[in-house]
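Written below as structure tokens is the structure these notes are about.
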Amino acid sequence: MDDCAPVSIRDRALSVIDRVRRAEERAGRPHGSVRIVAVSKTRGASEVLEAFSAGIWEFGENYVQEAEAKAGVLPAGILLHMVGGLQSNKARRAARIFSMVQGLDSESAAAALDRACLDLGRRMDVLVQVNVASEATKGGVRPDGLADFLGKLEGLGYIKPRGVMVIPPAGLSARYFPEARRIFERARQNAADPASFDILSMGMSADFEEAISEGAGIVRIGRAIFGER
């Protein structure tokens, strides 16, 4: 075998699945308790299908228009997550194609998404993006504003807050993952339905195993599956 042969997306996806399951075991967590969302923005449908063939069925997209183009050709069973910020004027289109919106941080976008789900006769799970380090260059609700924001979401009828999503500053995961878990746990204790407020989405290609050790229920992995862009 040629040691220099390129590694396929399928092989990388299988490796990531194995690493996630091993990280679960080290953390004393049930097998399969961590969901893998393969971040497929800028990737073609054929690349998504290759990862799907390895056993990954949840994929993250940043832009509604790109996700729409893929959704039209992907098979049943694939679930799309919106992992970028949602604009109010894209809410109706997002409600048609995504199974979950992970980056919700705007009251107006939340209201628009709720109205769209009402019109479509569906309910949607959402995660609130928390700007865990209060970075000016990133979206997300500030930690001290999370309780108020969640209170407003609880008043909506067709979107359901299931947890939080965080993106720590690059290289500072060890510092911010524990803080993100504390933020999530406090929010869960105060949630209207704590049992269903159960998702902490954090960890990417460089740090997902550490995120799992800190309680991540969803990891969002792009490069480790699809390779460099």
Mind checking whether [X] and [Y] have side chains closer than 4.5 Å, heavy atoms only?
{"X": "Ser8", "Y": "Glu50", "value": "yes"}
{"X": "Leu14", "Y": "Arg10", "value": "yes"}
{"X": "His31", "Y": "Glu25", "value": "no"}
{"X": "Val166", "Y": "Tyr176", "value": "no"}
{"X": "Phe149", "Y": "Pro161", "value": "no"}
{"X": "Glu61", "Y": "Val83", "value": "no"}
{"X": "Arg19", "Y": "Phe208", "value": "yes"}
{"X": "Val164", "Y": "Val132", "value": "no"}

Please check this pair: side chain of [X] against backbone of [Y], looking for a donor-acceptor N/O pair closer than 3.5 Å.
{"X": "Arg220", "Y": "Ser201", "result": "yes"}
{"X": "Asn190", "Y": "Arg186", "result": "yes"}
{"X": "Glu68", "Y": "Arg93", "result": "no"}
{"X": "Ser88", "Y": "Ala112", "result": "no"}
{"X": "Arg12", "Y": "Val7", "result": "yes"}
{"X": "Glu24", "Y": "Gly32", "result": "yes"}
{"X": "Asn131", "Y": "Gly140", "result": "no"}
{"X": "Lys90", "Y": "Ala109", "result": "no"}

Salt bridge present between [X] and [Y] (N-O < 4.0 angstrom):
{"X": "Glu66", "Y": "Lys41", "answer": "no"}
{"X": "Glu185", "Y": "Arg182", "answer": "no"}
{"X": "Asp119", "Y": "Arg115", "answer": "no"}

key: Derivation and outcome, side chain to side chain contact (heavy atoms under 4.5 Å, CB included), residues Val128 and Leu153   = CA-CA 10 Å; Val128 175; Leu153 296 190; 3.6 Å; yes

Indicate the atoms forming the closest heavy-atom contact of [X] with [Y], along with that distance.
{"X": "Ile56", "Y": "Ala38", "result": "CG2-CB, 3.9 Å"}
{"X": "Ala71", "Y": "Ile97", "result": "CB-CG2, 4.2 Å"}
{"X": "Ala116", "Y": "Ala91", "result": "CB-O, 4.0 Å"}
{"X": "Ser173", "Y": "Pro178", "result": "O-CD, 4.0 Å"}
{"X": "Gly157", "Y": "Asp114", "result": "N-OD1, 3.3 Å"}
{"X": "Val101", "Y": "Leu104", "result": "CG1-N, 4.2 Å"}

inquiry  = Take a 6.0 Å sphere around CZ of Arg122 and say whether it holds more than 12 heavy atoms from other residues, nucleotides or ligands.
reply    = yes

ask   = Are more than 12 heavy atoms from other residues, nucleotides or ligands located less than 6.0 Å from atom CD of Glu154?
value = yes

Nearest-0.5 Å distance, [atom1] of residue [X] to [atom2] of residue [Y]:
{"X": "Phe177", "Y": "Glu210", "atom1": "CZ", "atom2": "CD", "result": "6.0 Å"}
{"X": "Cys117", "Y": "Ile159", "atom1": "SG", "atom2": "CD1", "result": "7.0 Å"}
{"X": "Arg181", "Y": "Met202", "atom1": "CZ", "atom2": "CE", "result": "7.5 Å"}
{"X": "Ile225", "Y": "Ile9", "atom1": "CD1", "atom2": "CD1", "result": "9.5 Å"}
{"X": "Ile212", "Y": "Leu200", "atom1": "CD1", "atom2": "CG", "result": "11.0 Å"}
{"X": "Phe98", "Y": "Phe59", "atom1": "CZ", "atom2": "CZ", "result": "13.5 Å"}

request  = Apply side chain to side chain contact (heavy atoms under 4.5 Å, CB included) to the pair Leu113 and Met124, showing each step before the final yes or no.
outcome  = CA-CA 9 Å; Leu113 185 63; Met124 178 182 281; 3.8 Å; yes

Are [Y] and [X] connected into the same hydrophobic cluster when the rule is that any two of I, L, V, M, F, W, Y join if their side-chain heavy atoms are below 4.5 Å apart?
{"X": "Val48", "Y": "Trp57", "result": "yes"}
{"X": "Tyr158", "Y": "Leu156", "result": "no"}
{"X": "Ile221", "Y": "Leu79", "result": "yes"}

query = Quick one: hydrophobic cluster around Met100, which other residues, with the 4.5 Å side-chain cut-off, linked directly or via members?
reply = Val37, Leu127, Met165, Ile167, Ile199, Met204, Ile218

query = Where do Glu228 and Arg223 land on the side chain to side chain contact (heavy atoms under 4.5 Å, CB included) test, with the steps shown first?
reply = CA-CA 6 Å; Glu228 299 293 344; Arg223 175 175 47 80; 2.9 Å; yes

Side-chain donor-acceptor contact under 3.5 Å, Glu47 with Ser40 = no

Between Ser196 and Asp193: side-chain donor-acceptor atoms closer than 3.5 Å = yes

request  = Have a look at Gln102 and tell me which of Gln129, Arg162, His81 forms a side-chain hydrogen bond (donor to acceptor under 3.5 Å, both in side chains) with it.
outcome  = His81

ask   = If you draw the axis of the six-membered ring of Phe197, does the NZ or CZ of Arg188 fall within 45° of it and under 6.0 Å from the ring centre?
value = no

